[in-house]
Structure formats: C-alpha cells, structure tokens
J.: 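Okay, here's the structure, questions in a sec.
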Amino acid sequence: MFRKIDVKAKPAEFEKPIRDYWKQHNIPQKSEDFREGAPKFVFYEGPPTANGMPGIHHAISRTLKDVVCRYKTMRGYQVNRKAGWDTHGLPVEIEVQKQLGISVKKEIEEYGIEKFNKKCRESVFTYEKEWREMTNLLGYWLDLDNPYITLTNDYIETVWWILNQYWKKDMIYVDNKIVPFCPSCGTPLSDHEVALGYREVEDPSVYIRFKVIDEENTYFLAWTTTPWTLISNVALVVHPDHDYVKVKNGDEYLILAKARLDVLKEEYEIVENYKGKDLEYKEYEQLFPFIKPNEKAFYVALGDYVTLEDGTGIVHTAPAFGEEDFAIGKEYNLPFMRPVNEEGKFTDEITDWAGEFVKDADKSIIKDLNMRGMLYFRTQMKHTYPFCWRCDSPLIYFARKSWYIRTTSYKDKMIENNKKIAWYPPYVGEGRFGDWLENNVDWAISRDRYWGTPLNIWLCEKCGHQDSPGSIKELQEKGSLVDGTPVPDDIELHRPYVDDIVFTCSECGGIMRRTPEVIDCWFDSGSMPFGQWHYPFENEDIFDKELFPADFIAEGIDQTRGWFYTMLAIATFIKGKSSYKSCLVNELVLDKHGKKMSKSKGNAVDVFKILDKYGADATRWYLLSVSPPWIPTRFNEEGVLEVNNKFIGTLKNVASFFATYGNIDNFEYDEYKIAVEDRPELDRWIISRLNSVIKKVSEFNEKYDLTRAVRLLQSFVINDVSNWYVRRIRKRVWASGMEDDKVAAYMTLYEVLLTVSKLCAPYAPYISEEIYRSFTNKESVHLENYPEHDEELILPELEKEMQYIIDIVSLARAARNEAKIKIRQPLRTLYVPEGLKDVVERMKSLIVEEINIHDIEYVKDKTRFMDYSIKPDYKVLGPKYGKHMSHVAQALQNMDANHLIDILNKEGVYHLDVDTNEIKLTKESLQIETQNKEGFVYSEEGDVFVALDTRIDDELLLEGNARELVNKIQFMRKEQDFDIMDRIEISFYTESDEIKETFEKFVDYIQKETLAVEIAEMENSDGLKSWNVNGKEVFLQVKVISETPHSKIS
RNA sequence: GGGCUUGUAGCUCAGUUGGUCAGAGCACCGCUCUGAUAAGGCGGGGGUCGGUGGUUCGAGUCCACCCAGGCCCA
C-alpha cells in the first residue's frame, strides 16, 4: 500500500507532520552520522545576530546553504552543520540603550558597566526563538543545540589567542583614526549608524585667503564648508596634475585652479600658470596662530582626491578632522592638532573660543576672518551632512586613538589566497572583493565600547610597557585581581571583570592595566573557523585534517567587506591560507518594485506569513528559481503562489494519482520485474528523459547553479511527467487486470517519482520526503544517495521522435481549433508526412487518443496542402555578400518560391544575378517556410505538418454524442462526489431520436466509461437534470447502486 | 563622486560565439480537455529589448556616453 498524499492540505499543515517526523526520528543528526568515515565537506555557518527579527532576506542565504549541504550529503560527503551566533557589538548596545532610555556613554558608566553588559547578554537572544522557528520552518537543518557563540569564554579565549599571535609578531599598533563622532552623545558612530542620519542642510561656504610667504599681496584661495576646522589648518592641498593660475583680481593676486576661475567676484587677469605639482611646498602664513606646531607646516601638499567640482581646487587641510586630511598629514608628516575635546568644544588653547561648541563657533570665526581681511567671500550652500540618528546633532569627523592590525603587511598574500577561492559568481571575487583587497588599509580593531571581546592588551601605567595574554592560563599567571587574589578559573572574559585584573610590569615593576577598548565584533566572526572549535586549546589534532578550511560558505553580498574579508584576513595570517575554498554570494531581496525592504517603508515581507501561507518548499523553490541568487531578487508573493499551484501541486498530484491507482490494483513494486527495454516506448522515453535530467541537474549542482537546476526539474515534472507521460498512461492504468502493459506503466512511474523525490530533496525537502516515504519503507530521502544517470538509458533518437509526436498532437489540436471542431467530436482522418510513418505507426495510439481521430494517413507531397515561401539564410549568405544582402532578399521575394524549390530539388543549385554579382543559391543558403493552401486546415513546425479531414458523417456524429453524454455523466458523478469506483445507474429522458439512437448504439461504451450497470429511459423528465448535448436536450440522473472499492468493472 | 551590478510584455524572468516577424510562465480575453491536478491544451491582445550615439551588410547581444534601481565605498 502506498500512503496517500494529501493534496488538499494547506502547505503549513502538510509540512508540519514531516517536520515532526524528522524531529522524532532525529533525521538531521542521522544525516550527519550515516556518513561517518566518509570524506568531509566542510561548511561554515556565518553567524547571524539574534537581536533582530529574521526576514525574508535571511531566508535566501539559509536556503542556499541548506541546499548545498543536503546535496553534498546525498553525494556521499559528511557535512557537519554547526550553528553560530554573533553576540557582540554596537547594535546590541544600542538596543539596550533604547530599552534603558539612555543615549550617552557617560550614562552607561553611571548605570554601571556590569549591569549594562548583563542586559546586553540577555538581549542578545531576544529573537532567538524567532530565528529558531524560521530556521526550523524553512527546513534549514542546522545544529542549533550546539552552536558556537561569540560571547562564551571558550570563544573569547580563541579570539584572544589569535590577537595574541598578531601582537607577538608586532602586528599591532596604536594610531589616530578619523571617526564620525557625535559630540552630544560623546561617542563615535559606526558607518551603519552614520548612514541612518544623512540629511540635506545649509552650511556656510567660505572662500579664504591664505597669505603666500615672500610674495607681495598674494594669496592662495581655499574653500571649506566647516570654518571651525580652519583653526587647526596645517596645509593646503592641490591636485598634482590640474592647472592652477595666479590672477590679478582687483589690487591683489590670487592663486586657484584654472577650472574654478568663475568663483572670482571681479574682473581678473591671468598672470601666471602652474601645474599643481609646481606649487608643492610653497609656504603660507598660519591663519590662526593659537598653536605653534613642532613640525614643519603651512605649505602646499599634493593629493589626488582634490576635485574641480566645487571650491577653488585648493583644499584646506586639518589632519585631525578628516580622513583624507589625516592621510595627507601622515604622508607629509604634518603636525597633528586637535584642539577640540570629546564634547565637541574648543580647548583652552584656543583662547578666543575656548569652551564653545565648534559648530556654533562658525559664525564668529567667519566674522573674525572678515575683519582681518582674510575672508574672500561667503555664501550658504546646500549639501548632505550626517546627523546623529539618536540625538539629531550634527556629527563631526574627529581623530581618536585606535588600535590597528597591520593587514597591509600581508596584503599580497591575501590577494594571492583570494585568487584560489572559487567565487560564485566570479566577478564578486575578481572585481568587488579583489579591488577592495588591492586598496587594503590597516584594520582598526578597537572600539571604545563596553559589550564586546575585551582587547587583551595590558599597559604599564608608569613606563607604557605592553603585554598581551593569549589564554586564560596566561591571564592567571601574569595577573591577579586588584585585591591581590588570583584570577579565578571561571572569570568571565568581559568587562568589567577583566578590567579588574592587573599585571606587574616586567620592565619597571609598575602596575599594568588593560587598555579599555573592546575588539571589533567583525574580528569575532572572522575568528569563527577557530573559535567554534576552541582552537588551539581543543581539537588541535584534527583541525587541519577535518575542520579547516571550509569547502563552502554562502552569505549575502553585503559581507564582502565584512565576514568574507575578516575570514580571509585572519586565516591568511594564522594559517597562511583562506578559511574557505568556495563562496556562493547572494544579493539582497527587494520588494516587487525593486526597492529595498525596510521596516520603516512598510514594504518588508513577513517571512513567517509567507512560510505559513505557502510552505517552505514553495518559498525555497521560488527563491531559487526566480532568478540567480547573485542578482537582486524582486520578491513577488504571487510567484510563490504560482510555484505552489504549478510545481508543488502538480508533483503532489502525480504522486497521489500513482498511489490511488496503485492501491486499487494492489501494486507492489518489488513483485514485478520488467526490464526497461521491454517496456513500451512511452515508458522508455520518460526514463530517457529522466536520465537526461539527472545528468544536467548534477552538472548544474556541481557549479552551484541552483537556479538552472530547479528550473530544469520543474519543467521536467510539469511538462514531461505530468502533462505528457501521466496523461498518456491513464488509459493503460484504467484497464482491468494486471497486464504487462499496465505493470510497466506502474513500474515506470514509480521509478520516475522516486528518483524525482531524490533529485528534489535538496531544494524541496518536505514534499520529497513525503513522496519518498509514501513509496518506500525506508527512513528518509535525506539519507539517500543522489541519483546518478545511466548513459545507456538516454536515447536521444527516441527523445527526438517523441518530440515529433508531441508536435503532431499540438499541431492537430491547433487545426481542430481553427476548424472549430471540439475534441470530443471524433474525426475520420489525420494526414501526416510520409517521412514520419515509422515513428507515428509505433506510437499511433498516443495521437489517436489525444486527437480523437479514427485513422492516420501518410502523404508524400505536402504541396497538396501548402505553398512555400523563401528567405535568405543570413547567417550563410551574410558573410559572403555583405551589403548586397538587402537586394538579395528583395530578389528572392519576387521569385516564384515553388518553382525555385523545384529547381533546387532537381539541380541542387540556382544562379541569381544581383548588383552584378552572381549569387549561388542552394537549399542551405535559404530559409524555407510554408503557408496554408486554401481549403485545408494545415499546420507545420520544423519537419512536422498535419492536415485534418474535417468532414463529420452520421456515425461520427453519434459517436460525438456518446462522448458528450459520457462527459455530462462524469460531471454529475463528480458533482455528487461519488467515489471513483462507485457503480451507477443512469436514467435519461429525451425527445431527440438522434440521442435515443446514440444510447442504443453506444450503450456498452457509455457503461464502460461511466461504470454504469444500467441505463434506463424514462417516460418524462421528472427529477432529471437538463443538459444540452450538441444542440439536443437530454435529461439525466445518476445514482450509486453499489460500492466496490477495490476492483474495477470488467 | 568611485567600483561592481541590473534594466527585455502589466508582473517575474529566458535570450548561447552578433544572423532577421523578440521568447516562456503568470495575469487578461476567446475557445477547449479532464474521474490525478489549485492543473493542461489551442489561439488572441500586449514590446521604439532604459535612452542617445557608434562599429557592422546586420545589434537585445559589441563599444562610448547618459538615465534609473541595487550593493559597497567615499
């Protein structure tokens, strides 16, 4: 017995019992265990943060990961799937701050770091339930019960070990870093936060004179929108290759870019031309002499970043307040002046504005410059400027101390390793990621925050000596708690606990304390290959053999500079190679208008709703098939519905069809044996198609081209299996008894469906499992091997021939349609080409049934039905005759096509004169097409054509009536919800002699088709239902007379 | 502003190395089949292949520029 597949169940109801079964029988674990000892396929899960809700965009990469892991498992590898959680970082802190209603760092410290971090720890898993649920519903098998978690001591210990490796090799240093800073919150913002707060505002746009030294009455004209930074000016920057000029403007001389002369207010006269590089090191007078620098300053430097879009082509530079400025400052060794405190106020050195918020000082600084005659011109200008998303104050860019890793020192090695990674699609690795690596800068790894892996570097208060523990043991050996007690084994490796540990300086005996920063959480996730196994403290022996590197990872493209980079950077340093061999990249999921989904826009798709409404199989299949994952997917809910109706629904129904009839006949696959070559051609055809599909799907899978794989499978199931094979075997299945013909159909369909269940298992794990388990007594399709194709069963010739049959049927239906004769009306003869006689004779029954005709005849000369028309084959003639082609086409159009074809058939070649060229025409150089001759219903495609005899004689008419009656009776059976096997009694009444005659002549046929045991003519229409049968009125009634569930009428 | 990427029917997508009425599915309209099907079949309407220029006998396809969406970076 085959378990019936419930085709009516809602997707969510359909999938739940399967999920329960997996859980009960521990199938996910078994799918790892049953490959014990097999070669490993190493997969790494990129850790999500569980403090936000999972969305549909998470579903895409989870689907990809799951599909590949399932596929590789079925291919014979052991695939371990350890889950992971990213738990540190600013987003967590921000969530907690929101909860607590505080926004400033000072408030966190007042609240208490211990309490604050405790809150963070709790909030990290706020949405873990939802993540588990989504993962579970989606069918993503992941070991969520043994995940790696970046906040555990083991994990942190590994991160410390890695950082310590860098430190020991002198790869870590301290420098300034320009960060976007909110002076009101007193905190730097992450790039992500900055992006939240861009707004268009008006700012002053000022043109300033800088007095050139040693040149009378001459000034550089520079431009800025942040006047307050002028106080810290140390240099002017020009583009080395742009043209600059000195002009006489009124009674003074100004230097600026030639392309920006239109900013000048008055008439001017060019007195000298320069290239930017000619100006290098030219000195000017300090604008605000508050601070005396100890390095050489106040001269012109060169920078490629200077543009001629706005300003004067001369950029004022203050290294503490801009990233480009900072870089130039380093390059030229310019003094570093930062007379601004962490509240964004000028320090005491700046006597005139001490204590004033820098942005507020803009006005009076401009005024001061104006009074001193240094202001050339001021105006207001609209531009986008970042604001704090929390408190709405304008951000300032600002130098702060930061710890760096010298990644640039092994940049070449990273580039080399990247070339060995197989990227899908390749352009991400070559282009986007490759370019990014080329422009690698040292990694700023410290964050002035609270909730994160504490930076494991201790500094001596007295002599500045550094030390770094690389393990808990080392921490215990080197340090002790402030009160002198030893560091406990279970010390929590977070702030504030580690802050309480002090070392004694080995150099001067002073007290060493931990530097207060925490580590960038990207360093955490990038350490994941090591951290998840607590390497090297555990698993060291098997690490390089079994756990590293990953064969495969898959995440969103936004990880290019994130996880993809940190995974490469850390592993290259620690192991000398990348931590992943291949990487499948997915783009984001957009709404159906191609816009980014966001909560605030309200266009975000609720993944739970989708899973509930359509099920995981349809959702996964949709995401895979709609477009290749690496181009942005426009999520269209109707598309998911379509997958459900068409693909999933069809597959379920085919399986249900098989189970229904297989059970009626008590079919058991193992009880029969008919070799494929002994089965009817239709069966051999579908098996050939199946093997062709296995071959192609495997090829696609190996290339991670999952989109093509599912599209091919979908088309196979819908077109080949359902619309052709099953449709054509129904008569065989309805037959009584268990003749070989029927058994072969059952065997074939069984084999096809079982194989399809395995082929689809990685993509649609639920329906595949259901079919597999309905068909076998085995435990799970996910413990199977992926099907391998059998080259001997692929019969290209048969596939081509079947295509002829399919084309004939399609054309004949079109012909019927054109003749306006419906299919229920039988016709006498269909004409097909002589050349196909062999094929058609072999598969005649397929056509006869489908088209409802009595006979097929073969004709040699199709010109009986059609005319030829000809066109040049451009691909052949084009290269030869080039620009004469349009004239060739014209000449051909004017010829008698039938005549030309005649000559070509006889002589093989025809000479044509065009533009004094002699054109040699052969059949190969022409595209020959055909058109209907009047009076025939005729259609053609490729080598195939059909013609239909549309005459209906009396016998055909009655036969048509009979089919019509059967149709009505079947409809009534269905309407009254009779069982398929119910036998019935038919009552009819009609005044039409033609219908009466039909009943008489076709009584057997009608009885057989409708399982009627009796047909009775009534004296009137009382209680009967009226029907129109080919224009005649008939009254009908059907009743069940007995129920015979498991046998058919004979 | 820079890099990458996408733009083909109302919607979602195919369109191989340039080769001639530009395709599929959905949706819409007409007809039709059906005791597995929420399906299927036949036909119809619907496209200046984002725009402009160029190369070529010939461009959705190659080149340049521009416009729009997306991602990343400034």
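Being a predicted model, the structure only gives us computed values, none of them experimental. A note on names: the letters A, B, ... follow the listed sequences, proteins ahead of strands, and every chain is numbered from 1.
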J.: Any chance the side chains of A:Thr407 and A:Asn440 put a donor and an acceptor closer than 3.5 Å?
T.: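 There is such a pair (donor and acceptor under 3.5 Å, judged by atom type) between the side chains of A:Thr407 and A:Asn440.
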J.: From the set B:rA39, B:rU37, B:rC4, return the single nucleotide nearest to any side-chain atom of A:Asn645.
T.: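 Nucleotide nearest to A:Asn645's side chain: B:rA39.
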J.: Roughly how many Å is it from CZ in A:Phe564 to C1' in B:rC4, rounded to a whole number?
T.: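 Result: 15 Å.
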J.: Would you indicate which nucleotide in B:rC71, B:rU34, B:rA14 comes nearest to any side-chain atom of A:Arg963?
T.: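 Selected nucleotide (nearest to the side chain): B:rU34.
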J.: Could you work out which one of B:rC71, B:rG43, B:rC13 sits closest to the side chain of A:Val626?
T.: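 The closest nucleotide is B:rC13.
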J.: Is there a donor-acceptor contact under 3.5 Å linking the side chains of A:Asn418 and A:Trp423?
T.: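 Side-chain D/A pair, A:Asn418 to A:Trp423: present.
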J.: For A:Trp724 and B:rA36, what is the distance between atoms CH2 and P respectively, to the nearest whole Å?
T.: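 Value for this atom pair: 17 Å.
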J.: What is the distance, rounded to the nearest whole Å, between atom CD1 of A:Ile664 and atom P of B:rA36?
T.: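 Rounded to the whole Å, the gap is 10 Å.
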J.: Please determine, for the side chain of A:Ile823, which listed nucleotide (B:rC11, B:rU32, B:rU37) has the closest atom?
T.: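 Side chain of A:Ile823 sits closest to B:rU32.
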J.: Does B:rC26 have OP1 or OP2 sitting under 4.0 Å from an N or O in the side chain of A:Lys646?
T.: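 Answer is yes, contact under 4.0 Å.
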J.: Can you find a side chain N or O atom of A:Tyr661 that sits less than 4.0 Å from OP1 or OP2 on B:rA36?
T.: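 A:Tyr661 to B:rA36 OP1/OP2: side-chain N or O found under 4.0 Å.
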J.: Between B:rU8 and B:rA68, how far is it from one C1' atom to the other, in whole Å?
T.: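 Each nucleotide's C1' atom is 15 Å from the other's.
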J.: Mind checking if A:Gln970 touches a base, just sugar-phosphate, or nothing, with heavy atoms under 4.0 Å?
T.: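 Contact class for A:Gln970: base.
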J.: Provide the distance between the two C1' atoms, one in B:rG60 and one in B:rC49, to the nearest whole Å.
T.: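 Each nucleotide's C1' atom is 5 Å from the other's.
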J.: Determine the Euclidean distance between corresponding C1' atoms of B:rU52 and B:rC11; express it in Å to zero decimal places.
T.: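 Comparing C1' positions in B:rC11 and B:rU52 gives a spacing of 28 Å.
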J.: Starting at CG of A:Asn719 and ending at P of B:rG25, how long is that distance when rounded to a whole Å?
T.: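 Interatomic distance, CG of A:Asn719 to P of B:rG25: 9 Å.
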J.: By nearest atom, which of the nucleotides B:rU32, B:rA39, B:rU37 is closest to the A:Asn653 side chain?
T.: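 Nearest to the side-chain atoms of A:Asn653, counting from C-beta on, is B:rU37.
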J.: Report yes if some heavy atom in the side chain of A:Leu706 is under 4.5 Å from a heavy atom in the side chain of A:Pro629; otherwise report no.
T.: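 Not in contact.
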J.: Using atom P of each nucleotide, how far apart are B:rG58 and B:rG19 to the nearest Å?
T.: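 About 15 Å, rounded to a whole number of Å.
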J.: Measure the CD1-CG distance between A:Ile60 and A:Leu623 for me, rounded to the nearest 0.5 Å.
T.: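 Rounded to the nearest 0.5 Å, the CD1-CG separation comes out at 4.5 Å.
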J.: When you check the phosphate oxygens OP1 and OP2 of B:rA39, does a side-chain N or O of A:Lys652 lie under 4.0 Å from one of them?
T.: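 False: A:Lys652 side-chain N/O out of range (4.0 Å or more) of B:rA39 OP1/OP2.
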J.: If only side-chain N and O atoms count, and only distance matters, is there a donor-acceptor pair under 3.5 Å linking A:Tyr746 with A:Asp665?
T.: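 Judged by distance alone, the side chains do pair up.
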J.: Do the side-chain N or O atoms of A:Arg824 get closer than 4.0 angstrom to the phosphate oxygens (OP1, OP2) of B:rC33?
T.: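 Result: yes.
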J.: Can you measure A:Lys820 atom NZ to B:rG44 atom P for me and round it to whole angstrom units?
T.: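 To the nearest whole Å, that distance equals 12 Å.
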J.: If you check every side-chain atom of A:Asn636, which of B:rA74, B:rU12, B:rA14 has the closest atom?
T.: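 Of the options given, the side chain of A:Asn636 lies nearest B:rU12.
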J.: Can you tell me, in whole Å, how much space there is between the P of B:rG70 and that of B:rC65?
T.: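 One P to the other, the span is 23 Å.
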J.: Side chain of A:Ile557 only, please: which of B:rC71, B:rC33, B:rA74 is the nearest?
T.: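 My answer, after comparing the listed nucleotides, is B:rC71.
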J.: For A:Phe978, which contact category applies under a 4.0 Å heavy-atom criterion: base, sugar-phosphate, or nothing?
T.: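 Base contact.
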J.: Looking only at the side chain of A:Asn723 (C-beta and beyond, no hydrogens), which of the listed nucleotides B:rA14, B:rG41, B:rC42 gets closest?
T.: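 The nucleotide sitting nearest to the side chain is B:rG41.
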J.: What is the pairing partner of B:rC4, taking Watson-Crick or G-U wobble pairs with both distances under 3.5 Å in any strand?
T.: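 WC or wobble partner is B:rG70.
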J.: For A:Ile980 and A:Asn817, take the nucleotide of RNA chain B holding the closest heavy atom to each; which residue's nucleotide lies nearer the 5' end?
T.: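 So the residue in question is A:Ile980.
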J.: In whole angstrom, give me the gap between the P atoms of B:rA22 and B:rA39.
T.: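 Result for the P pair: 31 Å, nearest Å.
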J.: Just call it for A:Ser722: base, sugar-phosphate, or nothing, with non-hydrogen atoms closer than 4.0 Å on any strand.
T.: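 The answer is base, as A:Ser722 lies within the cut-off (heavy atoms under 4.0 Å) of a base atom.
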J.: In whole Å, what is the span from the CG atom of A:Asn967 to the C1' atom of B:rC33?
T.: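 The answer, rounded to whole Å, is 9 Å.
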J.: May I ask you to say what A:Val428 touches in the nucleic acid, namely base, sugar-phosphate or nothing, with a heavy-atom cut-off under 4.0 Å?
T.: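 A:Val428: no heavy atom of the nucleic acid under 4.0 Å.
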J.: Round to a whole Å and report the spacing from CD of A:Gln559 to P of B:rC4.
T.: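 Going from A:Gln559 (CD) to B:rC4 (P), I get 21 Å.
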J.: Between B:rG15, B:rA39, B:rG70, which one does the side chain of A:Glu587 approach most closely?
T.: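 So the nucleotide nearest the side chain must be B:rG70.
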J.: Take atom P in B:rC13 and the same atom in B:rC57, then report the distance between them in whole Å.
T.: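 Here B:rC13 and B:rC57 have their P atoms 37 Å from each other.
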J.: Tell me which nucleotide, if any, is Watson-Crick or G-U wobble paired with B:rC65 when both distances must be under 3.5 Å.
T.: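 Its partner is B:rG51 (Watson-Crick or G-U wobble, both distances under 3.5 Å).
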J.: Answer yes or no: does a side-chain N or O of A:Trp734 lie under 4.0 Å from OP1 or OP2 of B:rA36?
T.: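 For B:rA36, OP1/OP2 do have a side-chain N/O of A:Trp734 under 4.0 Å.
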J.: By nearest atom, which of the nucleotides B:rU5, B:rC33, B:rG41 is closest to the A:Tyr427 side chain?
T.: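 Closest nucleotide among those given: B:rU5.
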J.: Could you tell me how the ring of A:Trp436 sits relative to the ring of A:Tyr565: parallel (under 30°), tilted (30 to 60°) or perpendicular (over 60°)?
T.: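 Ring orientation, 0 to 90° scale: perpendicular.
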J.: If the cut-off is 4.0 Å, is A:Thr650 near the phosphate of B:rA36, judged by side-chain N/O to OP1 or OP2?
T.: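 No.
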J.: What is the distance, rounded to the nearest whole Å, between atom CD1 of A:Ile851 and atom C1' of B:rC42?
T.: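 The answer, rounded to whole Å, is 10 Å.
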J.: Establish, for the pair A:Lys652 and A:Phe14, whether the NZ or CZ atom is under 6.0 angstrom from the six-membered ring centre and no further than 45 degrees off its axis.
T.: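 Judged by the rule, A:Lys652 and A:Phe14 form a cation-pi pair.
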J.: Can you establish whether the number of heavy atoms outside A:Arg711 located under 6.0 Å from its atom CZ is more than 12?
T.: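 Yes, the 6.0 Å shell around CZ holds more than 12 heavy atoms from other groups.
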J.: Going by atom types only, do A:Glu964 and A:Trp1027 share a side-chain donor-acceptor pair under 3.5 Å?
T.: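 A:Trp1027 and A:Glu964 do not have a side-chain donor-acceptor pair below 3.5 Å.
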J.: B:rU48 and B:rC21: how far apart are their C1' atoms, nearest whole angstrom?
T.: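 Per the computed distance, 16 Å lies between those C1' atoms.
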J.: Base, sugar-phosphate or nothing for A:Pro425? Non-hydrogen atoms, less than 4.0 Å.
T.: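 Nothing: the residue A:Pro425, judged by heavy atoms under 4.0 Å, touches no strand.
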J.: When you match A:Arg708 and A:Gly649 each to their closest nucleotide on RNA chain B, which lands nearer the 5' end?
T.: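 Final value for this comparison: A:Arg708.
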